Amino acid sequence: MRVKHVDEILRIMRNIEQIRNIGIVAHVDHGKTTTSDSLLAAAGIISQRIAGEALALDYLKVEQQRGITVKSANISLYHEYQGKPYVINLVDTPGHVDFSGHVTRSLRMMDGSVVVVDAVEGVMPQTETVLRQSLEERVRPILFINKVDRLIKELKYTPQQIQQRFVEIIKEVNHLISLYADPEFKKKWQLDPASGMVIFGSARDKWGISIPLAQKRGIKFSDIIEAYKRGKEAVEEFATKVAPLHEALLDAVVKFIPNPREAQRYRIPKIWKGDINSEVGKAMLEADPNGPLVYAISFMRVDPKIRRLVATGRIFSGTLHQGDEVWLVNARKNAKVLQVSIYMGPDREVVDEIPAGNIAAALGLEDARAGETAVATSLKDKVPPFEKLHYVSEPVVTVA
Ligand code: GDP
């Protein structure tokens with residue numbers, strides 16, 4: 001965990017080029033949780049305040065015991081790439097196929113997905129489902145071929161066989177991308193392993209590498225096989241000193257996943273049904289922090305520490321401030337934002353304001369449900385929500 005001052009994170013968040021919003025998607029048991037945990041352990045941001053309460057190392061243990069990594073709606077990671085700092089928001093995605101809208105709401109917050117595929121099992125039905133859903137929301141994928149240790153230890157593959165296995169998996173994933181991506185992205189989003197869009201490794205053993213990184217560091221498949229032959233310590237050394245998983249994955253995220261502004265330019269016309277030539281439409285296309293507020297709420301969860309409902313969502317336009325009066329489009333009510341916070345690791349840290357492109361938590365919006373859109377009061381009755389929700393008070397029309 002990286003101990004950071006909240007002001008430093010906010011400074012990065014004001015620079016939209018240094019933000020990435022991603023999620024991890026996978027077929028069950030392919031390693032989504034293990035991958036998230038290893039990212040959190042290596043790159044999760046923890047605030048100075050919380051670090052003061054518990055030592056960073058112990059903190060992770062406590063959080064794991066409480067199962068926070070699974071339950072929290074968002075975890076922020078810190079990564080430096082070519083000397084520049086980045087905040088990478090890791091959005092929680094549902095672990096199973098569900099039809100409640102939960103998937104779409106998670107996808108709405110993210111611009112990129114890390115698709116995790118078990119090297120032995122390969123592409124499975126849920127890999128196809130989650131990839132299709134992501135692509136339909138114009139969420140750009142990169143690929144993590146996980147459990148490579150199994151190819152080495154269980155299947156005793158030679159370097160050639162390992163390489164062949166990767167080629168097969170990449171080919172299958174690329175086929176799905178050409179099948180499900182919108183026409184303009186079918187080619188553009190094809191995974192090119194030579195440029196680093198594919199990482200292979202072991203989330204359990206915490207190592208990972210891409211082809212360009214392997215070339216840069218002079219690593220061959222035979223070196224990895226050799227490390228496993230030498231035993232646990234050699235693998236640990238490889239994971240910590242030579243090829244840490246978080247570095248390979250987060251480098252690829254920064255490099256290939258668009259920043260929120262780039263992403264909103266092509267995602268808004270697809271995921272929002274309003275007029276993109278209107279003032280608010282243009283502001284969303286540019287993720288303009290000075291535009292009218294549009295805050296799409298993906299989750300409403302009770303914070304057990306304060307026993308209050310916390311909204312988590314993405315700011316597509318404008319800046320969310322503490323004290324803002326907002327209009328809840330579905331609930332058809334005004335509400336007041338009592339507190340605004342950002343995620344520092346799995347915890348929240350209170351701030352005065354958060355600009356467009358970021359993921360924000362807010363208190364005071366108890367009348368909202370997951371899927372609600374909160375907008376500036378000046379937009380009342382002027383914009384459609386991201387998602388239409390049926391409230392109990394509304395007449396629900398059923399077709400017999
Ligand atoms: P999820 O269902 O996608 O979240 O998968 P989990 O992360 O819970 O992993 C499922 C199982 O695979 C667990 O028993 C993990 O310990 C195991 N696993 C995860 N990553 C690896 C890996 O790199 N190698 C091996 N051999 N097992 C792994």
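The first residue in the sequence is number 1, and the count goes up from there. First listed ligand is number 1; within each ligand, the first listed atom is number 1. This structure is a prediction, so every number in the text was calculated from the model and none was measured.
Side chains of D192 and S195: a donor-acceptor N/O pair is present below 3.5 angstrom, by distance only. Donor-acceptor pairing under 3.5 Å is lacking for the side chains of T312 and N74. For the residue pair S134 and Y180, no side-chain donor N or O sits within less than 3.5 Å of a side-chain acceptor on the partner.
Aromatic pair Y157/F221: centroids not less than 6.0 angstrom apart. A distance of 6.0 Å or more separates the ring centres of Y86 and Y78.
Near ligand 1, H27, V28, D29, H30, G31, K32, T33, T34, N146, K147, D149, R150, S202, A203, R204 each place a heavy atom less than 4.0 angstrom from the ligand.
Alongside I276, the hydrophobic cluster contains I268, I271, W272, V280, M284, L285, V294, F316, W327, V329, V375, L379, V383, F386 (criterion: ILVMFWY side chains under 4.5 Å).
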